Amino acid sequence: RDRAHLLLIELGQAAHSAVETVNARHAVDDLVAGRRTWAEMLRCDLALSEAADRMFEYSGNIAVLDRNGRSKGIQALDQAVQDHGADILVVDHLQKVAHRPGRTAIHCKELAVATKATVIAATVVTDVGIGSRRLRPEHLVDAAAITHESDIEIVLNDKLQVVSRTHSAFDSVRAETFRSKVIFTIEKNRRGLSGVDLEFERDFAHRRFKPSGGFVAERLVDNVSVHE
């Protein structure tokens with residue numbers, strides 16, 4: 001199943017027709033459902049065969065751990081880096097690591113400093129954040145520890161939700177283009193610019209965001225100073 005997700009990402013990167021791509025995704029669905037084998041799938045679909053060749057170049061370097069429940073604790077993070085010699089550790093999400101609030105974020109920073117590994121961590125939001133029009137760093141669970149310890153902090157928001165209505169109220173076609181976009185706001189950047197709003201298009205059929213994003217041109221709402 002994990003390799004199937006990687007295969008879809010590679011398929012999204014390739015330049016194939018819409019029909020070829022849809023047929024290839026259906027073949028991956030059949031693989032996940034157990035209706036065909038890897039050999040059968042790759043033999044009958046050139047687009048998938050090419051995507052698989054690219055995927056197999058790196059998939060052996062990826063290890064997925066503890067997918068079925070809560071982590072055994074922060075020591076499991078240390079063990080993962082040690083056992084696999086990982087250069088990058090992805091924690092999804094911080095609150096699944098069994099420990100007292102805030103400590104996991106602190107330990108991730110200590111682990112990164114000690115091992116030189118890059119640690120990328122997701123976190124959940126508070127009830128207040130869920131009810132807010134625009135998510136900001138203060139809406140994250142364990143916000144103080146995360147903001148203090150992180151080198152880079154990025155918050156995601158749906159563009160249609162956070163763009164000023166002056167850009168969409170009288171233009172339904174333009175508003176519809178906002179629906180597929182997600183805003184990546186660099187809220188903190190210890191070594192560069194912060195307060196930067198970037199936008200990327202969803203491509204969740206291929207388990208990714210399209211990498212060719214850009215700067216946000218429209219005005220965004222702010223929970224503190226701009227209300228609509």
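The chain is numbered in sequence order, starting from 1. On a predicted model such as this, the values are computed, not experimentally measured, just so you know.
- The distance from the OG atom of Ser150 to the NZ atom of Lys188 is 4.0 Å, given to the nearest 0.5 Å.
- No path of Ile, Leu, Val, Met, Phe, Trp and Tyr side chains, each step under 4.5 Å between heavy atoms, connects Leu111 with Ile106, placing them in separate hydrophobic clusters.
- Residues Val162 and Ile154 do not share a hydrophobic cluster, clusters being chains of Ile/Leu/Val/Met/Phe/Trp/Tyr side chains in contact below 4.5 Å.
- You'll find the side chain of Glu218 stays beyond 4.5 Å of the side chain of Ser164, heavy atoms only.
- Of all heavy-atom pairs between Gly12 and Asp203, the closest is CA-OD2, 4.4 Å.
- A chain of hydrophobic side-chain contacts below 4.5 Å, direct or via other Ile, Leu, Val, Met, Phe, Trp or Tyr residues, connects Leu193 to Phe184.
- Through direct or indirect side-chain contacts shorter than 4.5 Å among Ile, Leu, Val, Met, Phe, Trp and Tyr, Val22 is connected to no other residue.
- Membership of an apolar cluster is not assigned to Leu46, as no side-chain contact below 4.5 Å to another ILVMFWY residue is traced.
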Residues Arg208, Gln13; criterion side chain to side chain donor-acceptor pair (under 3.5 Å); working and verdict: CA-CA 10 Å; Arg208 67 175 193 148; Gln13 293 284 84; 2.3 Å; yes
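- In this pair, Trp38 and Phe56 present their aromatic rings tilted. The plane angle is within the 30 to 60° band.
- Between Leu156 and Phe209 the shortest side-chain heavy-atom distance falls below 4.5 Å.
- Here the side chains of Lys181 and Arg202 are not in contact, with every heavy-atom distance at 4.5 Å or above.
- If you check the side chains of Glu153 and Thr147, you find a donor sitting under 3.5 Å from an acceptor.
- Under the 4.5 Å side-chain criterion, counting only non-hydrogen atoms from C-beta, Val182 is not in contact with Lys159.
- With a 4.5 Å cut-off on side-chain heavy atoms, Val216 and Ile183 count as touching.
- The number of heavy-atom neighbours closer than 6.0 Å to CG of Asp29, taken from other residues, nucleotides and ligands shown, is above 12.
- Shown here for Ile146 and Val141, the closest heavy-atom pair between the two residues is CD1-O, 3.2 Å.
- The NE2 atom of His206 lies 9.5 Å from the CG atom of Leu7; values are rounded to the nearest 0.5 Å.
- Contact detail for Leu65 and Ala80: the closest heavy-atom pair is CD1-CB, 3.4 Å.
- Not counting sequence neighbours, the partners of Arg179 by the side chain to side chain donor-acceptor pair (under 3.5 Å) test are Glu176.
- Atom NE2 of His148 has 12 or fewer heavy atoms from other residues, nucleotides or ligands within 6.0 Å.
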Steps toward side-chain contact (heavy atoms from CB on, under 4.5 Å) verdict (Gln79, Gln75): CA-CA 6 Å; Gln79 197 68 39; Gln75 292 77 19; over 6 Å; no
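- Hydrophobic cluster membership is shared by Leu48 and Tyr58, with clusters built from Ile, Leu, Val, Met, Phe, Trp and Tyr side chains linked at under 4.5 angstrom.
- Under the 4.5 Å side-chain criterion, counting only non-hydrogen atoms from C-beta, Val97 is not in contact with His107.
- Around CG of Asp83, the count of heavy atoms belonging to other residues, nucleotides or ligands within 6.0 Å exceeds 12.
- Looking at Asp158, its side chain never comes within 3.5 Å of a backbone N or O of Leu160 through a donor-acceptor pair.
- Tracing side-chain contacts under 4.5 Å through hydrophobic residues (I, L, V, M, F, W, Y), one never reaches Phe204 starting from Val28; they form parts of separate clusters.
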Chi angles and distances behind the side chain to side chain donor-acceptor pair (under 3.5 Å) call for Thr123, Gln95: CA-CA 7 Å; Thr123 186; Gln95 286 70 36; 3.0 Å; yes
